[in-house]
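Here's the structure, in structure tokens; my notes come after.
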Amino acid sequence: MRPITYHKLGNFDLWFLSDGEFWLDGGSMFGIVPKNLWSKLVSSDEQNRVRLGLNPVLIRAEGQLVLLETGIDRKPGEKFRRIYGLAEANPLLGQLALLGVRPEEISLVINTHLHFDHAGLNTRLLDGKLVPTFPRARHIVQKQELEDATHPHERSRASYLNDNIEPILLQFEVVAGKAEIMPGLWVVPVPGHTLGMQAVELASEGQNFAYTADLIPTMAHAPLPYIMAFDLYPMTTLETRKRMYERWMEGDYLLGFTHEPGHPLGRLVRTEKGYLAEPVHLSEKM
Ligand SMILES: [Zn+2]
């Protein structure tokens, strides 16, 4: 398990957590990029799967605790866990406990989108019943995303598991478009992977951070055409990337990558071959 790392960004305290790892088909992860190119960046197993991280972030600001994403759903059972190479339990709650945080102390959850690998601990099983994992938290989600997640079609149905959505319908707080959720913390639409996906941006004392959601799932995905086959609207992903990359370069944003299997922080750099991501190692201790 990747150790928790801490970073202070102006008024915000950030803890980079892990909900473990999972495995997805390498071809699906890299879209039109042929294996002889992506296999130079990441290795695959005998089923052609690549290892991915699950990287929620805990934020403390203004006396509130905010959680970006809730890890992966492990509730569907043993076969589901085998397909995705998942261990049985979610490490995320143990990581919060290590920091002395109880689930009911989280006042805000930001669901970048409602796929099962991003909203999996919106609920948990307690004595065979589905209950909210973070019972006092408002869950911020784009209106478009909640609509699409509750009306899935044949190509999106496998990603939206109702158990992570329906039991907490009353806890969702929908926003439409860019919105400042608390001073210095914005949600920003980044459509493409889904139409209603949102990134999270923080700005404080001249420092900027963006949690990129599945717009840039890992650092290996930073080049513009390295777009997942899972994306419902790949050309929209390309347009969104061009717009956001420019913004994040200009503001010297520190970036958080939701599926980076190792250290989850980096920055974009522009090279003669186009955009790349470079890891940023912060020296601070917890
Ligand atoms: Zn994902």
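As the structure lists them, so they are numbered: ligands from 1, and atoms in each ligand from 1.
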>> Tell me every residue that passes salt bridge (Lys or Arg N to Asp or Glu O under 4.0 Å) with R157, counting only those two or more places apart in sequence or in another chain.
In response: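 R157 satisfies salt bridge (Lys or Arg N to Asp or Glu O under 4.0 Å) with no other residue.
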>> K178: which residues meet the salt bridge (Lys or Arg N to Asp or Glu O under 4.0 Å) condition with it, sequence neighbours left out?
In response: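 Once residues adjacent in sequence are excluded, K178 has no partner under the salt bridge (Lys or Arg N to Asp or Glu O under 4.0 Å) criterion.
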> Are the side chain of T218 and the backbone of E260 linked by a donor-acceptor contact shorter than 3.5 Å?
Replying inline: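 Not a single qualifying donor-acceptor pair exists.
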>> H221 and ring-ring contact (aromatic ring centres under 6.0 Å, His included): which single residue from F230, F257, W38, F30 fits?
In response: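 When ring-ring contact (aromatic ring centres under 6.0 Å, His included) is applied between H221 and each of F230, F257, W38, F30, only F30 qualifies.
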>> According to side-chain contact (heavy atoms from CB on, under 4.5 Å), who are the partners of L37, at least two apart in sequence or on a separate chain?
In response: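 Only V33, P34, K40, Y226 meet the side-chain contact (heavy atoms from CB on, under 4.5 Å) criterion with L37.
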> Ignoring water, what protein N, O or S atoms are under 2.8 Å from the Zn ion (ligand 1)?
Replying inline: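 Near the Zn ion (ligand 1), below 2.8 Å, one finds D117 OD2, H118 NE2, D214 OD2, H259 NE2.
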> Can you list the steps and then say if V66 with L58 is a side chain to side chain contact (heavy atoms under 4.5 Å, CB included)?
Replying inline: CA-CA 6 Å; V66 182; L58 178 71; over 6 Å; no
